[in-house]
Amino acid sequence: MKFFQNGKIKNKVKEILQEERGFSLMEIMIAIMLFTIFYTVFHTSLSYNVMDSSLMKEELILKELCNRKLNEVILSPPDYGPGLTMAPEVKTFDEKDIDNSENYQYTLTYKKFKLPNLSKITGRDEDEGEEGGSKAGAIQKQMYEKAKKHLEKIVWQVEVKVENKETKYFYTLSSWLYNHKAKVEIRL
C-alpha cells in the first residue's frame, strides 16, 4: 500500500484513467463500419424474403387457376374432332374470388394420341414379317393397327397454360382425356 500512498503515483494513475475515458475516432469508425455491414446484410436478406414471398404468392395463384381450368375441361370435355387440334384456345378468367383475375389468361391446347408404327417399335422393316410368310406376324400387325386406330380415337391430351399478362409468369399442367363417345370394334 505504500506504493499508492505516494502522491505523485496517485496523480499519475488519475491522469491515465482520465485520458482513456472516451472512445477514439478509430474505434467509432470500426463500430460504424460493423453496424453498416450488419444493416446491409439484414436489409438484403429481408428484401429477398419479401421478393420470394411475392413470387410464391404469384405461383400459388397460377397453380390454383391452372388446376381449376384443367378440372373444368376434364369434367366437361369438348367435342373431339380434327378441328380441336387446329389452334390453341386463348381466353381470360372471370373468377370472382381471385383478385385481378382479368390479368390472367389461359391457353388450352389439345393433341391427339399418336402411336408409332409397329416396325419402329420392333426394329424390323414393314415387309420383313410378310416375306417370311409368318401368319402370327401378320395377325400381330393387324391387331396392332386396330389397337392404334382405336387408341387414337379414344385418348387425347390437353395442356392448360395460365399466364399473368403483366409479369409474363406462367404455369402449365397437362392431362389425358378419354373420349367416352368413341366406338371401339374389337374383332379382327
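Below, all heavy atoms of this structure are taken into account, side chains as well, without hydrogens, waters or symmetry copies.
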Are any side-chain N or O atoms of K165 and backbone N or O atoms of E102, one a donor and one an acceptor, separated by less than 3.5 Å? yes
Which heavy-atom pair separates L108 from K69 by the least distance, and what is that distance? CD2-CG, 4.2 Å
D79 side chain near L84 side chain, heavy-atom distance below 4.5 Å: no
I61 vs Y104, side-chain contact (heavy atoms from CB on, under 4.5 Å): CA-CA, chis, key distance, verdict: CA-CA 10 Å; I61 291 171; Y104 298 97; 3.5 Å; yes
So, W156 versus Y110, ring centres under 6.0 angstrom or not? no
CG/L65 to CG/N164 distance, rounded to the nearest 0.5 angstrom? 9.5 Å
What is the ring orientation for F42 with F38, classed by angle as parallel under 30°, tilted 30 to 60°, or perpendicular over 60°? parallel
Spatial distance of atom SG (C66) from atom NZ (K63) [nearest 0.5 Å]: 10.0 Å
Beyond-backbone contact of L62 with F170, side-chain heavy atoms, under 4.5 angstrom: no
Examine V158 and V90 and state if one hydrophobic cluster contains both, with Ile, Leu, Val, Met, Phe, Trp and Tyr joined whenever side-chain heavy atoms are less than 4.5 Å apart. no
Give the minimum heavy-atom separation between K183 and K153, together with the two atoms involved. O-NZ, 4.4 Å
Heavy-atom count around E58 CD within 6.0 Å, excluding the residue itself: above 12? yes
4.5 Å side-chain heavy-atom contact, M56 and L60: yes
What are the two closest non-hydrogen atoms of T40 and T44, and how far apart are they? O-OG1, 2.7 Å
So Q105 and V162, do their side chains get closer than 4.5 Å, heavy atoms only? no
Measure the CG-CD distance between L115 and E152 for me, rounded to the nearest 0.5 Å. 6.0 Å
Evaluation steps, side-chain contact (heavy atoms from CB on, under 4.5 Å), between I154 and F113: CA-CA 8 Å; I154 295 173; F113 181 71; over 6 Å; no
Closer than 3.5 angstrom, by distance alone: can the side chain of S76 be matched with the main-chain N or O of V73 as a donor-acceptor pair? no
Are any non-hydrogen side-chain atoms of T172 and V160 less than 4.5 angstrom apart? no
NZ on K112 to OG1 on T85, rounded to 0.5 Å: 7.0 Å
When rounded to the nearest 0.5 Å, the distance separating OG of S24 from CD1 of I30 is 7.5 Å
E64/R68 salt bridge by N-O under 4.0 Å criterion: yes
Report the C-alpha distance between M33 and M29 in whole Å, list the side-chain angles of each, state the deciding distance to 0.1 Å, and finish with yes or no for side-chain contact (heavy atoms from CB on, under 4.5 Å). CA-CA 6 Å; M33 183 181 71; M29 295 302 288; over 6 Å; no
Measure the spacing between CG of N67 and OH of Y171 and express it to the nearest 0.5 Å. 7.0 Å
Would you name the heavy atoms of E166 and N103 that are closest together and state the gap between them? OE2-ND2, 3.4 Å
Any side-chain heavy-atom pair of L173 and E159 under 4.5 Å: no
Side-chain heavy atoms of K91 within contact of E89, under 4.5 Å: yes
F93 vs Y106 aromatic rings, parallel, tilted or perpendicular, using cut-offs 30° and 60°? tilted
So, do Q157 and S174 sit near enough that their side-chain heavy atoms are less than 4.5 Å apart? yes
